[in-house]
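Below is one structure, written out as structure tokens; the observations come after it.
In this text, all values refer to a predicted model and were calculated from it rather than measured experimentally.
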Amino acid sequence: MNLRAGRLKKQMSDEAADYTSSLSSDMVIFEADIKCNFAHVLMLKEEKIIDNDIADKILEALDKLKEEGYDALTFDNSVEDIHMAIENYVTDIVGSDAGFMHTAKSRNDQVATDIRLVLRDKITDIQLGILEFIEGLTLFANEHLETVMVGYTHLQHAQPITIAHHLMAYAQSLKRDYERLNDTYKRVNLNPLGSAAMTTTSFPINRQLTTDLLGFDAYLENSMDGVASRDFISETVFDLSSLMTTLSKICEELILWSSYEFGVVQIADEYSSTSSIMPQKKNPDVAELARSKATIVNGELISILTILKAIPYTYNRDLQEITPHLWNSIFISEETLNIVTKMLLSVEFNKDRCLELAGSNFATVTDLADIMVREKKIPFRTAHKIVGRVVNEAIDQDKNINSKFIDEIAIDLDFDPLNLDDSLVKKVLNPLENVKIRSVPGGPSPEMVKIAISNLNEFLDEEFEKKGI
Ligand code: ARG
């Protein structure tokens, strides 16, 4: 079957054929293309657009190809893409009647349909991976409800938190990544088939039937949009970029925390490397690579948007160049999600070091200001000033903070002495006590984190059920 035998007199040069071929990434849509052809031919048969016996022969050949797999196809330079290769296969079996398969169908609507068919499964796979990661995080968090560590702003000690609260922050970010994909899925799972080249066809095709056969939610309402739109791809890759950003931020923290200076975490040997010259080294290479792979997905998103932005309606071959960026983004996201999940869930936190960091460097003194407001009814800004000076002097004079020391500073700043209860001062300066009193919704107190974990578990149950798991 040579497409060029009509309008064109000469074959494409080998160079041009290689340059324009999409075969290197068409393998991904091989099964989807068989499915798409199958649904189309079944519909043509149902609607009596092509003869029953011809349709049956074509359907049989498609079934055979499905069984035999990709390697049953033959390729030479006259085969531009997977659609032609599959048509050639069917023609070899059925003869020239195979040509009826292409009635009322174009490669333009076909490729758009194929990509959507593959993509919806890939989205579901990635979503399941995210749910599993969240599930692992909730279990891990349960083990660390009272493991106190310091939280940072500006990468400076800020306030005590627990490992559980921190892990649950990751989980919330992943939950949004999951939900974003849910939303995108609705726009992916729409059927362009029947748009044909760009204006549908004069044959009385049944678009609802192919929509049902292929399991799409609905067909796309505009045939030009059907063949020209790829924003379902840019949207998906944005979602993946966002997921990769979440994973990259997690990795960034693992890299910092596993450094000698932090000493907060041990990454398992299975996810670490060493040096070929420095025998003492344990390096977080997996986390580093995940961090840079996130950059690659960001780059794919920019490539896709930039290809799309200047294409006049409707199909232009530029669109072919978008698809490999999608598959690469999917591939990177899947492998990164998998390995980061395993790496993070197997780390060991150094509880003593976490507590040491939380108890040093004044991370608890916000609450010293808070008890001044609560117990002595002084405005927060005044308390903030006194405590700020208390910290300053404690550093300068190398002293511990107690009620007497606070009052000396207060007097020095022209305020009345506060006479705070020393045991109360001691209590709020204790990191675990400090965390326990932050028991408003969203806070790090163990009771609040337990509630957050149980809410998230409910979400997981619902979503696993929706995905049939
Ligand atoms: N390989 C093409 C793509 O991925 C398939 C559609 C080709 N259509 C065409 N009119 N040349 O977009």
Side-chain angles (χ1 to χ4, degrees), residues 1-8 12 17 20-23 25-26 28-47 49-50 54-55 58-59 61-62 65 73 78-91 94 96-119 190-211 213-214 216 218-233 308 311-323:
M1 229 290 305
N2 184 359
L3 251 198
R4 302 170 67 87
R7 175 70 175 83
L8 303 171
M12 208 177 220
T20 54
S21 172
S22 58
L23 282 170
S25 66
D26 276 355
V28 184
I29 56 170
F30 167 69
E31 278 173 27
D33 200 64
I34 297 177
K35 233 188 202 174
C36 175
N37 275 314
F38 202 93
H40 182 69
V41 172
L42 210 57
M43 180 277 293
L44 292 176
K45 177 183 164 188
E46 278 304 302
E47 302 303 316
I49 296 169
I50 63 175
I54 294 176
I58 297 172
L59 293 174
L62 287 169
L65 177 58
L73 297 176
S78 71
V79 180
E80 275 181 29
D81 50 35
I82 194 85
H83 318 295
M84 295 313 303
I86 290 179
E87 198 173 324
N88 285 349
Y89 175 94
V90 176
T91 308
V94 175
S96 64
D97 280 348
F100 282 106
M101 179 167 85
H102 215 59
T103 314
K105 175 168 69 69
S106 156
R107 286 180 296 169
N108 297 352
D109 60 343
Q110 196 171 337
V111 72
T113 307
D114 293 353
I115 298 169
R116 288 168 183 270
L117 286 173
V118 175
L119 185 52
L190 298 172
N191 185 14
L193 194 63
S195 301
M198 64 173 281
T199 57
T200 69
T201 173
S202 56
F203 288 100
I205 58 170
N206 183 343
R207 293 196 66 198
Q208 189 55 51
L209 181 54
T210 55
T211 300
L213 288 171
L214 294 171
F216 284 116
Y219 51 79
L220 287 162
E221 289 270 0
N222 180 297
S223 60
M224 291 175 67
D225 180 52
V227 294
S229 63
R230 293 291 186 277
D231 49 284
F232 70 95
I233 294 184
L308 266 180
I311 299 184
Y313 277 82
T314 51
Y315 182 86
N316 293 263
R317 196 65 179 273
D318 315 40
L319 294 177
Q320 173 177 302
E321 208 56 37
I322 287 178
T323 321

By side-chain hydrogen bond (donor to acceptor under 3.5 Å, both in side chains), which residues pair with [X], not counting sequence neighbours?
{"X": "Thr211", "result": "Asn191"}
{"X": "Arg317", "result": "Gln320"}
{"X": "Asp33", "result": "Asn37, His83, Gln110"}

List the atom of [X], the atom of [Y], and the distance in Å for their closest heavy-atom pair.
{"X": "Ile82", "Y": "Asp26", "result": "N-OD2, 2.9 Å"}
{"X": "Val90", "Y": "Ala61", "result": "CG1-CB, 4.1 Å"}
{"X": "Gly226", "Y": "Leu220", "result": "CA-CD1, 3.9 Å"}
{"X": "Phe203", "Y": "Ile49", "result": "CD2-CG2, 3.6 Å"}
{"X": "Asn108", "Y": "Ala197", "result": "ND2-O, 3.3 Å"}
{"X": "Ser195", "Y": "Val227", "result": "CB-CG1, 3.8 Å"}

Taking the side chain from [X] and the backbone from [Y], do they hold a donor-acceptor pair closer than 3.5 Å?
{"X": "Ser21", "Y": "Ala17", "result": "no"}
{"X": "Asn206", "Y": "Pro204", "result": "no"}
{"X": "His40", "Y": "Thr103", "result": "yes"}
{"X": "Asn88", "Y": "Thr91", "result": "no"}
{"X": "Asp109", "Y": "Lys105", "result": "no"}

(message) Please enumerate all residues that pass ring-ring contact (aromatic ring centres under 6.0 Å, His included) together with Tyr89, with sequence neighbours excluded.
(response) none

Could you check if a side-chain atom of [X] sits within less than 4.5 angstrom of a side-chain atom of [Y], using non-hydrogen atoms only?
{"X": "Ile54", "Y": "Ile58", "value": "yes"}
{"X": "Arg107", "Y": "Glu80", "value": "yes"}
{"X": "Thr210", "Y": "Tyr219", "value": "no"}
{"X": "Leu73", "Y": "Phe30", "value": "yes"}

(message) Quick check on Tyr315: does its OH atom have over 12 non-hydrogen neighbours (other residues, nucleotides or ligands) under 6.0 Å away?
(response) yes

(message) Please check if the number of heavy atoms outside Glu47 that lie under 6.0 Å from its CD is greater than 12.
(response) yes

(request) Could you pull out all residues at least two apart from Arg207 that satisfy salt bridge (Lys or Arg N to Asp or Glu O under 4.0 Å)? (result) none

(request) List for me each residue that meets salt bridge (Lys or Arg N to Asp or Glu O under 4.0 Å) alongside Asp225, sequence neighbours excluded, and say none if there are none. (result) none

(request) Please confirm whether Arg116 makes a cation-pi placement over Phe232, using NZ or CZ under 6.0 Å from the six-membered ring centre and within 45° of the ring normal. (result) yes

